[in-house]
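To start, the structure itself, in structure tokens.
This one's a predicted model, so the numbers in the text were calculated from it and none came from an experiment.
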Amino acid sequence: MPALKKIALTITSAALLSGFVLSPAAAADKDTSDDKQPKPPSTMSSLGGEQLGKAGTQVNLGPGAPVLPKKLSGRSWIVADAESGDVLAAHNSHWRLPPASTLKMLFADTVLPALQPTTLAHKVTENELSGVGEGSSLVGIKEDHTYTVHDLWLGVFLRSGNDAVHVLSEMYGGVQKTVDAMQAHAEELQALDTVVVSPDGYDAPRQVSSAYDLTLIARSGLQKKDFREYAATASADFPGEKKKGKKRESFEISNTNRLITGDIGVDPYQGIAGVKNGYTTHAGNTFTGVAERNGKVLLVTVMNPSAEESHAVYKEAAHLLDWGFAASGKVTPVGQLVPPRSLDTGTGIGGKGATPAAGAVQGPGGKAEATHASASNGSSGVGTALAIIGGLLVVLAAAVFLVNRRWPMAGRTRGTETDATAAGTKDAEDTGTAQHTGKAGKSAEDTGEAGKDVEDAGKDVEGDPEGAGATASAAPTDKP
């Protein structure tokens with residue numbers, strides 16, 4: 001018996017050893033980094049279509065349709081037709097994830113209409129800046145200094161400035177009132193995966209959104225002229241610190257959206273016109289963009305792609321846009337971007353999970369041409385790259401958004417706003433080159449102003465971790 005046991009053990013050991021020798025790849029594959037990555041929930045909302053509630057990549061390729069880009073690493077993404085609302089392809093699009101500064105789109109869509117005119121001036125108090133989280137991206141607002149609403153919105157859209165968000169929130173009625181209004185507006189838009197805790201997207205417990213929701217929010221914001229212009233502005237002059245006995249100077253701020261301004265390894269995307277990027281420790285990189293090509297307007301959102309590749313969120317968004325333009329008319333939609341509740345005619349595009357996310361406060365309503373914009377106290381008017389959509393018109397009978405393909409340019413002079421074409425700009429349909437006009441003051445990178453780019457002094461600057469997208473904080477630390 002002992003001899004038989006010894007023979008059996010020898011045979012078993014040899015078989016196991018041969019398995020490892022003959023299949024080293026299989027053994028290695030078992031311990032991949034993918035196993036350590038968070039998995040999407042087994043049940044997600046199917047609002048917009050049943051396929052959108054399924055985990056993994058959803059696409060219905062037709063004859064002649066190109067295959068999706070390879071090596072897409074985003075935990076969640078979506079590419080959709082901004083006109084028809086058709087979702088061309090999606091990947092875990094209803095996965096509730098931290099949104100970072102892409103949530104500022106909801107902030108702007110909620111607050112912009114209330115704070116008019118944008119020439120309104122406001123003197124900032126210490127209390128208004130007290131709630132800005134450590135490690136936040138800042139545009140460089142100083143207490144006891146006066147800024148116009150226009151200045152503050154430039155700080156929000158271009159530099160992702162949480163200081164600007166908090167000042168605007170106080171002007172709106174306070175941070176909590178702003179958060180409640182944002183939540184109510186999200187519910188009106190049927191962005192029901194979204195829970196708002198902070199108005200600026202700063203990491204907070206329970207604060208989530210989804211690629212689907214962020215795309216809905218962007219689509220709504222792009223109906224507003226001011227929203228479109230701010231989102232498309234490449235650079236602007238921002239009021240600097242007032243020094244006794246000297247004229248107040250300005251410094252240049254640039255849009256942290258790398259598909260507008262470009263960066264090392266990332267070219268400006270032809271036809272891009274916004275919308276918003278973000279970054280926090282918990283959210284990773286997030287991005288929602290809108291672009292036009294040959295009369296077709298697409299929206300794309302990418303959330304938390306691989307951190308191993310520089311600017312992955314922009315590269316993957318660009319690849320998805322390229323694919324979407326090439327695939328248009330050759331794929332069967334996997335779902336729809338739903339209209340706001342007040343415009344929903346019940347055409348059956350909803351699905352299970354069409355209820356507010358857990359923790360949400362119930363609201364009452366159930367390369368394009370990119371230009372330089374001058375701050376309100378500058379010497380020339382604001383010019384914007386491209387007002388991507390002249391106005392989203394709603395066809396109530398079909399509950400479908402249609403894009404009115406006008407491309408109005410906008411100009412502002414000191415203390416006034418006009419619809420005149422800004423000097424030095426050209427219609428975005430005629431050029432794909434970013435232009436900067438009306439430059440005044442020195443770049444923050446050169447002057448050391450609060451707009452200077454850093455990487456959170458090591459870790460977690462909310463906004464853009466890869467250089468120019470992040471701005472300094474007095475004491476940057478990790479987010480809660």
Side-chain angles (χ1 to χ4, degrees), residues 33 37 68-79 91 97-105 135 137 157-160 201 211 214-215 218 231-235 253-291 293 298-325 367-368 370 385 432-434 443-445 451-472:
S33 58
Q37 294 297 318
L68 282 165
K70 296 180 179 179
K71 298 182 179 179
L72 294 173
S73 64
R75 292 183 183 176
S76 175
W77 55 258
I78 188 172
V79 57
H91 179 79
L97 297 166
S101 275
T102 51
L103 194 65
K104 288 184 173 78
M105 295 188 297
S137 52
F157 277 88
L158 273 66
R159 298 303 303 178
S160 204
L214 292 172
T215 306
T233 300
S235 63
I253 57 175
S254 297
N255 201 316
T256 59
N257 180 347
R258 293 295 167 243
L259 292 189
I260 287 180
T261 57
D263 201 357
I264 298 174
V266 180
D267 293 327
Y269 189 82
Q270 184 176 4
I272 194 69
V275 175
K276 192 71 190 74
N277 57 301
Y279 172 82
T280 65
T281 295
H282 297 301
N285 286 283
T286 57
F287 176 75
T288 296
V290 63
R293 185 178 298 174
L298 296 183
L299 285 159
V300 65
T301 296
V302 177
M303 301 185 76
N304 204 344
S306 170
E308 297 178 1
E309 183 180 10
S310 176
H311 297 311
V313 74
Y314 301 111
K315 294 175 181 178
E316 295 188 16
H319 292 327
L320 284 168
L321 285 171
D322 284 343
W323 175 84
F325 287 122
K367 292 184 215 172
T433 304
S443 169
E445 295 179 353
K452 186 176 180 181
D453 301 329
V454 297
E455 286 194 5
D456 183 36
K459 295 291 178 186
D460 185 33
V461 170
E462 193 280 330
D464 181 352
E466 296 175 345
T471 53

Inset, instruction - Kindly write out the residues that satisfy ring-ring contact (aromatic ring centres under 6.0 Å, His included) with Phe287, not counting sequence neighbours, or none if the list is empty. - result: Tyr314
Inset, instruction - Provide the closest heavy-atom pair for Arg258 versus Val266 in the form atom of the first, atom of the second, distance. - result: O-CG1, 3.8 Å
Legend entry - Contacts of Trp77 that satisfy ring-ring contact (aromatic ring centres under 6.0 Å, His included) - sequence neighbours left out: His91
Legend entry - N/O donor-acceptor pair under 3.5 Å between Glu316 side chain and Gly74 backbone: yes
Inset, instruction - Mark yes or no for whether Ser76, through its side chain, and Met303, through its backbone, hold a donor-acceptor pair below 3.5 Å. - result: no
Legend entry - Least distance between heavy atoms, Ile78 atom then Ala211 atom: CG2-O, 3.6 Å
Inset, instruction - Measure the spacing between CG of Leu299 and CG of Leu214 and express it to the nearest 0.5 Å. - result: 11.0 Å
Inset, instruction - Indicate the atoms forming the closest heavy-atom contact of Ala100 with Gly278, along with that distance. - result: CB-C, 3.9 Å
Legend entry - Pairing residues for Thr215 by the side chain to side chain donor-acceptor pair (under 3.5 Å) criterion, not counting sequence neighbours: Thr301
Inset, instruction - For Val79 and Trp323, run side chain to side chain contact (heavy atoms under 4.5 Å, CB included): C-alpha distance rounded to whole Å, both residues' side-chain angles, the deciding distance at 0.1 Å, then the answer. - result: CA-CA 9 Å; Val79 57; Trp323 175 84; 3.7 Å; yes
Legend entry - Validation row: Ser101, Lys276 side chains within 4.5 angstrom (heavy atoms): yes
Inset, instruction - Search all heavy atoms of Ile272 against all heavy atoms of Gly274 and return the closest pair with its distance. - result: CD1-O, 3.4 Å
Inset, instruction - Of all the heavy-atom pairs spanning Ala317 and Leu259, show the shortest one and how long it is. - result: CB-CD1, 4.4 Å
Legend entry - Closest contact, heavy atoms only, Ala218 versus Val275: CB-CG2, 4.3 Å
Legend entry - Heavy-atom side-chain proximity of Arg293 to Asp322 below 4.5 angstrom: yes
Inset, instruction - To the nearest 0.5 Å, tell me how far Ile264 CD1 sits from His311 NE2. - result: 7.0 Å
Inset, instruction - Find out whether Val313 and Asn277 are in side-chain contact, i.e. whether some heavy atom of one side chain is under 4.5 Å from a heavy atom of the other. - result: no
Legend entry - Exam field: side chain Lys315 to backbone Ser310, donor-acceptor pair closer than 3.5 Å: yes
Legend entry - Contacts of type side chain to side chain donor-acceptor pair (under 3.5 Å), residue Ser306, not counting sequence neighbours: none
Inset, instruction - To the nearest 0.5 angstrom, please state how far the OG atom of Ser160 sits from the CD1 atom of Ile253. - result: 11.0 Å
Legend entry - CG-CD1 distance between Leu158 and Ile260, expressed to the nearest 0.5 angstrom: 8.0 Å
Legend entry - Counterpart residues, salt bridge (charged side-chain N to carboxylate O under 4.0 Å, His left out), relative to Arg75 (two or more places apart): none
Legend entry - Interatomic distance, Glu309 atom CD to Ser73 atom OG [nearest 0.5 angstrom]: 7.5 Å
Inset, instruction - Would you give the length of the straight line joining atom CG of Leu97 to atom OG1 of Thr286, rounded to the nearest 0.5 angstrom? - result: 10.0 Å
